[in-house]
Amino acid sequence: MGNGLGGYTAGTIVGCPTRSTHGLLIAATRPPDGLISLISAFEETFFVLDQPYPLSTFYFRDTIYPKGYEYLRRFSLNPFPTFTFEVEDFRLEKTVYLRRGQNTVVVNYRLVSGEEELVRLEIKPLVTCRPVGEVRKSAKAIEGGLTTSKGQVCYRSSKLLPPIYFAHQAAIVDKSGDGYGEIVYLRDQEEGKSSTEHLYYPCSFIYSFMARDEAMLAASTQPIQLPESPSLWMNAERESVLAGRKRFFQMALKGRPGVAAEGASAPPPDSEEGISPLTDVDELQHMVSQSEHFLVKRGHDGASFLRGYFDGGDGAWSSMIALPGLLLVPRRYDEAKNLLLFYASLMDKGFLPSSFRALEGRASDGESLYEQIDAALWFVEAVYLYCQESEDFETVEKKLFPVLRRCVKHYERGTHFGVRASGDGLLEQEESRKAITWMNAYAGTVPVTPRWGKAVEVNALWYSTLRVVEYFAIKFRDTQTAKAMDRLALKVYSSFNSAFWNDKKGIVYDCIQKERKDPSIRPNQIIALSLSFPVLQKKSWPVVLQTVTQELFTPFGLRTLSKRSRFYRGRYYGDRIKRAQAEHQGTVWAWLIGPYVRAYLRTYGNTQPVREKLLRLFEPFFNQLSHFGLNSISSVYDGNAPHTPRGLVGDALAAGEVVRCYEELISEGPKKQTLEKFELK
């Protein structure tokens with residue numbers, strides 16, 4: 001769960017942290033950055049008379065202790081993580097939630113059955129007090145000062161880190177703290193990361209249920225005061241989440257046809273794995289509600305999307321791709337407008353920040369990084385989609401259209417990393433060891449897929465950008481700009497189809513570097529027929545779609561490289577270098593299901609039988625919502641079956657594209673372009 005600032009709480013169903021990025025309270029000290037892990041978990045012990053029953057679970061070297069999972073009988077997201085424990089004749093319900101807009105986590109305990117006077121609960125907060133992703137090698141490093149007052153405890157391990165304020169209803173606060181073993185993070189261990197850590201608990205909170213059947217413990221980076229009723233905050237947060245889901249269905253799906261029945265006759269996507277039909281849209285409701293966890297504030301006036309969890313950062317490329325599904329589908333137009341205006345204010349020589357993450361040796365703290373050639377081009381696509389949905393032409397004309405024109409001018413004349421329009425009109429990056437397309441993984445300092453030159457998806461976006469700017473120029477009666485965009489777009493269209501199409505093999509070249517044309521079969525070519533204004537000639541669409549389906553299609557998106565390539569890596573696994581070498585060399589990226597579905601609709605027609613077939617593609621994603629990263633979709637999957645989920649547990653791009661495509665399918669597809677002149681043959 002996210003708090004809207006970049007902070008979050010995350011863990012496993014049994015309560016055992018398996019990553020150093022798991023934690024009960026992960027705070028954003030410079031929202032949405034400066035992530036600090038403050039509390040790993042609460043160690044909870046339930047006492048019946050004087051008999052202890054541990055409810056927590058941790059993994060130590062070669063052993064699991066304590067084994068609280070033995071008493072866990074039920075887990076649900078309703079809509080918050082709720083754990084139900086059964087001990088003898090007693091049932092205890094624990095609910096965890098975050099307060100929106102605060103670095104505050106609240107844990108509610110409710111005794112559902114049993115005699116209150118016979119039981120008590122002891123809670124030890126296990127603190128970490130470190131940057132996310134690091135580990136503590138010694139508990140002494142986090143020993144600090146403790147101050148107490150009525151219903152309040154404040155703990156601070158260092159002047160360099162924020163204090164932790166506890167608000168409680170405990171009968172007793174035991175101020176004696178101690179170190180807590182050496183736990184092991186199994187997922188980190190698999191990935192070759194530092195995976196053992198010493199924790200520390202500064203005090204213990206002991207609750208008695210004699211007078212009430214509920215208890216509450218909250219932890220925050222700011223002083224907090226508990227409400228009189230433990231359920232008051234929780235009910236308010238729950239109502240907010242449920243209201244958001246209800247609003248989605250009322251606004252986005254009102255009057256839309258339901259999911260069609262099975263039995264269509266359109267050409268199905270070929271795949272080595274079977275796919276069964278999907279007949280329920282309830283999962284979509286949960287996925288849309290997850291947009292709250294990705295949308296974050298940046299500074300005083302800005303907004304952005306977190307790339308995903310854990311610690312995925314944010315930037316223009318991911319935010320622009322996620323925006324249509326996570327903001328336009330639920331009709332959150334004001335937030336979409338503010339996000340677009342925020343990024344428009346950051347444009348530098350036509351480029352938008354690919355990341356705000358301060359990287360050592362590349363940017364000082366807080367500076368933007370302009371290292372992605374297509375981020376601004378996706379921005380143009382997002383502006384067009386926003387206007388098509390909201391019909392807010394006034395904002396576009398006054399505030400965004402001038403930005404779009406400047407963007408095109410910079411790309412055409414030359415901008416960062418030697419990017420400019422070459423003599424044939426196509427965008428080209430000069431020869432470089434810098435990877436600035438979306439396939440930008442590095443093995444050390446060496447790019448794994450150096451795609452300098454003319455990249456296929458970059459030029460597909462470039463063409464669509466020119467047509468979008470022309471569309472707005474016509475709309476706003478800017479005749480000069482409209483004519484200039486049309487001339488350049490026609491040139492790009494002709495050059496693209498001449499240079500990139502390999503008629504002998506029926507494929508689109510992935511990248512052109514001087515005299516070398518890369519025939520690697522990658523998913524980038526599908527973007528050339530999935531954008532608002534596709535550049536690839538229509539006669540090539542069926543062949544391209546067939547090739548991509550046969551070589552790259554999986555139930556969770558598209559592989560980044562054909563299995564027949566000698567560079568193919570089928571597992572995204574191992575240490576950082578090994579994962580980087582596989583990231584775009586066969587690994588499946590879930591967000592690519594979006595371009596694939598839109599390309600399929602264009603190729604085979606936006607008919608009911610085609611939509612029915614495509615709706616089935618989403619069942620594997622919806623099934624994952626209850627298996628890995630609850631209510632979220634992973635960013636990547638192994639290229640080899642069974643396509644194990646990897647990477648970010650919750651991915652804004654994947655969520656956005658699945659929601660967007662699913663809504664388009666049940667609402668009879670994306671809107672048709674309004675200007676017939678753009679329908680090139």
Side-chain angles (χ1 to χ4, degrees), residues 316-317 319-321 323-324 328 336-337 339-341 343-352 372-416 419-422 424-428 454-455 457-496 527-536 670-680:
W317 179 77
S319 292
M320 294 308 116
I321 296 174
L323 183 147
L328 299 185
K337 177 177 68 175
L339 191 149
L340 290 170
L341 291 173
Y343 273 103
S345 70
L346 301 175
M347 186 167 286
D348 182 82
K349 298 179 182 179
F351 268 41
L352 287 179
Q372 198 138 14
I373 188 173
D374 56 349
L377 305 179
W378 281 109
F379 168 80
V380 177
E381 179 80 358
V383 170
Y384 177 76
L385 295 173
Y386 164 74
C387 202
Q388 290 289 296
E389 290 289 334
S390 68
E391 299 183 350
D392 181 12
F393 288 98
E394 181 180 1
T395 296
V396 175
E397 181 177 14
K398 292 181 178 180
K399 298 182 178 181
L400 293 173
F401 181 55
V403 177
L404 304 188
R405 287 186 304 182
R406 290 198 300 271
C407 174
V408 170
K409 183 181 296 185
H410 283 294
Y411 272 84
E412 186 179 4
R413 298 180 181 179
T415 181
H416 298 285
V419 172
R420 68 172 65 245
S422 58
D424 58 6
L426 299 175
L427 279 186
E428 184 174 21
K454 301 171 183 177
E457 81 282 4
V458 171
N459 280 285
L461 284 158
W462 174 231
Y463 174 81
S464 190
T465 290
L466 296 173
R467 288 305 188 191
V468 167
V469 176
E470 179 188 3
Y471 168 81
F472 285 128
I474 294 172
K475 187 76 176 179
F476 305 142
R477 295 184 172 87
D478 183 348
T479 305
Q480 184 177 356
T481 298
K483 289 181 178 179
M485 294 301 101
D486 184 46
R487 285 194 300 268
L488 184 52
L490 289 172
K491 187 176 185 180
V492 170
Y493 182 88
S494 176
S495 297
F496 182 95
I527 296 173
L529 57 144
S530 68
L531 296 168
S532 294
F533 300 96
V535 64
L536 188 65
K671 293 183 178 179
K672 181 177 174 62
Q673 309 305 330
T674 56
L675 299 181
E676 291 297 327
K677 65 167 292 183
F678 295 143
E679 295 293 330
L680 298 177

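Note that these values count all heavy atoms, side chains included, but never hydrogens, waters or copies made by symmetry.
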For this session: Could you tell me whether the side chain of Thr415 and the main chain of Tyr411 form a donor-acceptor pair under 3.5 Å?
Result: no
Exercise. Has the side chain of Glu381 got a donor or acceptor atom that lies under 3.5 Å from a matching backbone atom of Ser532?
Worked result: yes
Exercise. So, do Phe533 and Thr465 sit near enough that their side-chain heavy atoms are less than 4.5 Å apart?
Worked result: no
Problem set entry | Residues Val468, Val383; criterion side-chain contact (heavy atoms from CB on, under 4.5 Å); working and verdict | CA-CA 9 Å; Val468 167; Val383 170; 5.9 Å; no
Exercise. Side chains of Thr479 and Arg477: does their closest heavy-atom pair fall under 4.5 Å?
Worked result: no
Exercise. Do you know the tightest heavy-atom contact between Ala316 and Leu352?
Worked result: CB-CB, 3.7 Å
Exercise. Hey, is the main chain of Gly425 close enough, under 3.5 Å, to the side chain of Trp462 for a donor-acceptor pair?
Worked result: yes
For this session: Output, in order, the C-alpha distance, side-chain angles, deciding distance and verdict of side-chain contact (heavy atoms from CB on, under 4.5 Å) for Met320 and Leu339.
Result: CA-CA 9 Å; Met320 294 308 116; Leu339 191 149; 3.4 Å; yes
For this session: Determine the minimum heavy-atom distance between Leu400 and Ala344, stating which atoms define it.
Result: CD2-CB, 3.8 Å
Exercise. Do any N or O atoms from the side chain of Asn459 and from the backbone of Ala455 form a donor-acceptor pair under 3.5 angstrom?
Worked result: yes
Exercise. Looking at CG of Leu323 and CG of Leu385, how far apart are the two atoms once the value is rounded to the nearest 0.5 Å?
Worked result: 8.5 Å
Seminar exercise, completed: Smallest heavy-atom separation, Cys407 atom then Gly350 atom, equals SG-O, 3.6 Å
For this session: Look at the aromatic rings of Phe476 and Phe393 and report parallel, tilted or perpendicular, splitting at 30° and 60°.
Result: perpendicular
Exercise. How far apart are the C-alpha atoms of Leu340 and Lys399, what are their side-chain angles, what is the distance that settles it, and do they pass the side-chain contact (heavy atoms from CB on, under 4.5 Å) test?
Worked result: CA-CA 10 Å; Leu340 290 170; Lys399 298 182 178 181; over 6 Å; no
For this session: Given side-chain contact (heavy atoms from CB on, under 4.5 Å), test Val408 with Leu404 step by step and report yes or no.
Result: CA-CA 6 Å; Val408 170; Leu404 304 188; 5.9 Å; no
For this session: Determine yes or no for a side-chain-to-main-chain donor-acceptor pair under 3.5 angstrom, with Ser494 supplying the side chain and Leu490 the backbone.
Result: no
Exercise. If you round to the nearest 0.5 Å, how far is CH2 of Trp378 from CG of Leu531?
Worked result: 5.0 Å
Problem set entry | Distance flag, aromatic centroids of Phe496 and Tyr463, threshold under 6.0 Å | no
For this session: Verify, without hydrogens or angle tests, whether Arg420 (side chain) and Arg413 (backbone) share a donor-acceptor contact under 3.5 angstrom.
Result: yes
Seminar exercise, completed: For Leu427 and Lys454, the nearest pair of non-hydrogen atoms, with its separation, is O-CG, 3.5 Å
For this session: Decide, yes or no, whether a salt bridge links Glu470 with Arg467 under the criterion of side-chain N to carboxylate O below 4.0 Å.
Result: yes
Seminar exercise, completed: Nearest heavy-atom approach of Met485 to Leu466 is CB-O, 3.6 Å
Exercise. Which pair of non-hydrogen atoms, one from Thr481 and one from Asp478, has the smallest distance, and what is that distance?
Worked result: OG1-OD2, 2.7 Å
For this session: Please check if the distance between the ring centroids of Phe379 and Tyr343 is under 6.0 Å.
Result: no
Exercise. Should Ser464 and Tyr384 count as side-chain neighbours, where that means a heavy-atom distance under 4.5 Å?
Worked result: no
Exercise. Atom CG of Leu426 and atom NZ of Lys491: how far apart are they, to the nearest 0.5 Å?
Worked result: 9.5 Å
For this session: Check for a donor-acceptor pair, side chain of Ser495 on one end and backbone N or O of Asp424 on the other, with a separation under 3.5 Å.
Result: yes
